[in-house]
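Since we're looking at a predicted model, the values are computed, not measured.
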Amino acid sequence: MQPIKKEDLLSYRFLSGVTASPDGNKAVFTVAVQDVRQNGYKKNLYLVDLATEKVEKLTSHGKAGAFLFEDSGTLLCQKPGKEPGTTAFERFSLAEKKAEPAFSIGYPVLGFWKLGAGLYLIKADVDTNLEGLSDEEKKAEEDYIHIGELPFWDNGVGYVSGHRDTLFLYKEKEDTLTQVTGAKFATGAVAVAGGGSKVYFTGAEYSQMREVFSGLYELDPGSGKVTELLPQDKMRLGQLFEAGGVLYVAGSFCDKMGGTEKNDWYILKGKKLVKIADNDFTIGCNISTDCRYGRSAALCGYQGKLMHLSTKGTVCAPVILDKDGSVQPAFAFDGAVDGIAAAGEKVLFTAMKKGKLQELYLFDGKKVKMLTRMNSYALSGKYVGEPEYCGFTNSQGTPIDGWVIKPYGYDPEKKYPALLSMHGGPCVAWGEIFVHEMQMLAGLGYFVFFCNPRGSDGKGAKFADIKNKYGTVDFEDFMEFTDHVLESYPAIDSGKLGVLGGSYGGYMTNWIIGNTNRFAAAVSQRSFCNPISDFGNSCIGYSFDAKEFAATPWTGLDRMWDHAPLKYAPNVTTPTLFIHSLEDYNCPLSQGFEMFSALKYHGVTSEMVLFKGENHELSRSGKPTHRQRRLAEISRWFDTYLMK
């Protein structure tokens, strides 16, 4: 067996977007692979014949985009338009494996749905700052950015002040694009109902600051009339989906624990929402890994009911929700399902099992079978360290899930360095699925240990609620877990411990090094360290920081400072590497600079590696060479301070 190396990441295949045909006889999904030469991702479409369960490749150009079934034999596929900021569509024949041009839209398209013959619903990004200007006037504005709203930028997008996710109706025969939502309206979720005769959507109008709550609206595609069903200031609304003639709506009044609450389930009766089921779990997959790429559906209709993914504990599997509010498991799956599509009694889904990468699976109504082996070769002959359960009950009597991966070539008679790895979020969860970064570090000779402290997902909103507790109960859990691991694995050298994490995990890395000296090295990634300054710089600062720290700089300055890792920087002695992307707007670059500068000022060994052209998603969807460099920098730092 050979150790897993950073380069092995380049051979993994990422599956997403599985979609069933209208007749239920076939399905199409996307497979992405990293392309080092182009420093990007090649994406192609694959076809599944549900009668034979045969999977075949449809395209080889590597440029597959979003798609939908026009009919059971034709796909409508999205691709970049000829001009910047435009979108083109083409029709792809499954039988002939050939594409023909269809039509184009003069905006960046974010989503599209077929409503009827030649009639489409389009969601597009509209820059209202440039609306009504001539091409010459737009050219003159290229050097200037006008900001008048919050958020003024968004991670992975750029400056968004004045931008709106706008709905249009497009009639192909007439080549007409008719705007449905207002100039200041930002569209959220969309659900097509009645075979295209109705559309429901969420969203809100704003001119100063985008709020968390949104309204619910109904569109009549024939007349273009929009009817308000729920005002935009009543609820936080999430997913929408029609199944069995019923519109299911996920939403919350946020009146119990604020934004930490999970969305409950409602159905639309007449023009009103009626609650049918309490829900205390994330709708969708929230089990963290660095081995996914692309979007997948978390909801689908199944035999007249709603099927949706639910993250419970350390797994994610589909459940079936009926209009009476009853919920039952769809089928058992020990792992993390990240995308689903139903075809009659069959369910296609992409997922990861323990020790394995993504594959396509089929539930035929009785049992689950694996349809693809696209990633089997990638791990063949490799040492995949098994996450050994190492949970414990903390000093407050709360059970905490945790795991340990032993190093490659493990010898119980030897001593090894060990790394505490912390997830982002904080309302995210580790499970037992494959994480390349952890496996690579185990391959380099490290114990890797990780847990889901209070604040993590999977155990309900109360467990996840650490508002105004950052750096307290979570820090206690991490330190007690470290003690538990050291006691359980005597082969770990307690003098050679490292700590790393990204986003919230980066925040906790910054916090830990300022509140204990037990770690000999640290790597803080896409972190934040100061809620006071983050409030006005992060794209989510004004909402996230105000909620999570139960304060603003004007109502709780001292409280925010008490929870700022920067406050404790004078205590740091741990050599620390900071990794940050220049275009990270979730945890802005300034946050990394503040902590790095504080350590330098106080004489602590520290370095910073910055990545151009990357954002908060560097470790998950960054350019292939950048992802490799990131792993190399992490390895270099820990090898320097822990492998001596």
Side-chain angles (χ1 to χ4, degrees), residues 256-257 260-262 279-282 286-289 310-317 332 334-336 354 385-407 410 412 416 418-433 435 438 442 446-494 497-501 504-505 507-509 511-513 515-519 548 563:
K256 299 180 183 68
M257 285 181 285
T260 307
E261 294 173 32
K262 304 300 182 182
N279 174 56
D280 203 25
F281 300 98
T282 292
N286 212 14
I287 307 299
S288 188
T289 181
S310 181
T311 298
K312 294 183 179 181
T314 60
V315 301
C316 180
D334 186 16
K354 185 175 182 179
E386 178 182 353
E388 298 178 359
Y389 188 76
C390 193
F392 72 107
T393 299
N394 68 15
S395 57
Q396 304 301 311
T398 303
I400 302 296
D401 292 320
W403 301 264
V404 175
I405 298 175
K406 290 176 180 174
Y410 172 68
Y416 295 88
L419 303 174
L420 169 62
S421 179
M422 300 177 293
H423 61 62
C427 193
V428 176
W430 289 128
E432 296 184 349
I433 62 174
V435 179
M438 292 185 185
Y446 295 95
F447 270 91
V448 181
F449 58 107
F450 51 103
C451 72
N452 291 329
R454 281 170 285 179
S456 301
D457 203 3
K459 292 188 175 181
K462 186 177 180 180
F463 184 86
D465 183 16
I466 57 168
K467 291 191 300 293
N468 202 27
K469 299 176 184 177
Y470 278 60
T472 61
V473 297
D474 45 4
F475 176 64
E476 292 173 7
D477 288 347
F478 280 126
M479 294 304 99
E480 291 180 16
F481 175 59
T482 300
D483 293 338
H484 177 64
V485 169
L486 291 176
E487 181 180 349
S488 303
Y489 291 84
I492 293 177
D493 186 340
S494 61
L497 298 180
V499 60
L500 73 160
Y504 163 74
Y507 167 91
M508 282 309 303
T509 300
W511 182 274
I512 284 171
I513 61 176
N515 286 274
T516 178
N517 297 324
R518 72 187 303 178
F519 293 93
E548 294 298 307
H563 291 281

Notebook entry, point to check: Under 4.5 Å between any side-chain heavy atoms of E432 and V315, yes or no?
Noted result: no
Notebook entry, point to check: Taking the inter-plane angle between the rings of Y507 and W511 on a 0 to 90° scale, is it parallel (under 30°), tilted (30 to 60°) or perpendicular (over 60°)?
Noted result: parallel
Notebook entry, point to check: Do the charged groups of K462 and D280 touch, with an N to O distance under 4.0 Å?
Noted result: no
Check: Which residues satisfy the salt bridge (charged side-chain N to carboxylate O under 4.0 Å, His left out) test with K469, sequence neighbours excluded?
Finding: none
Item checked: Residues R454 and D477 bridged, charged N to O under 4.0 Å -> yes
Next item on the list: Could you tell me whether the side chain of Y489 reaches within less than 4.5 Å of the side chain of V404, counting heavy atoms only?
Entry: yes
Next item on the list: Only one of F447, F392, F450 passes ring pair (Phe, Tyr, Trp, His ring centres under 6.0 Å) with W403; say which it is.
Entry: F450
Notebook entry, point to check: In chain order, what residues pass the side-chain contact (heavy atoms from CB on, under 4.5 Å) check against P426, with sequence neighbours excluded?
Noted result: I466, Y470, Y504, F544
Next item on the list: Enumerate the residue pairs fulfilling salt bridge (charged side-chain N to carboxylate O under 4.0 Å, His left out) with a member in residues 385-396, sequence neighbours excluded, ordered by first and then second residue.
Entry: K354-E386, E388-K406
Check: Would a 4.5 Å heavy-atom cut-off, applied to side chains only, mark W430 and S456 as touching?
Finding: no
Next item on the list: Would you mind reporting whether L497 and L486 have side-chain heavy atoms less than 4.5 Å apart?
Entry: yes
Next item on the list: Take the angle between the ring planes of Y410 and Y416 and call it parallel below 30°, perpendicular above 60°, tilted in between.
Entry: tilted
Checklist line | Criterion side-chain contact (heavy atoms from CB on, under 4.5 Å) on F449 and T482, from CA distance to verdict | finding: CA-CA 8 Å; F449 58 107; T482 300; 3.6 Å; yes
Notebook entry, point to check: Can you check whether H423 reaches P453 side chain to side chain, under 4.5 Å on heavy atoms?
Noted result: yes
Check: Is M508 close to V499 at the side-chain level, that is, under 4.5 Å between some pair of heavy atoms?
Finding: no
Next item on the list: Take E476 and S395, measure what side-chain hydrogen bond (donor to acceptor under 3.5 Å, both in side chains) needs, and give me the verdict at the end.
Entry: CA-CA 9 Å; E476 292 173 7; S395 57; 4.9 Å; no
Item checked: pair I400-F481: side-chain heavy atoms closer than 4.5 Å -> no
Notebook entry, point to check: Is there a side-chain contact between T311 and I287, using heavy atoms and a 4.5 Å cut-off?
Noted result: yes
Item checked: Salt bridge D457-K262, side-chain N to carboxylate O under 4.0 Å -> yes
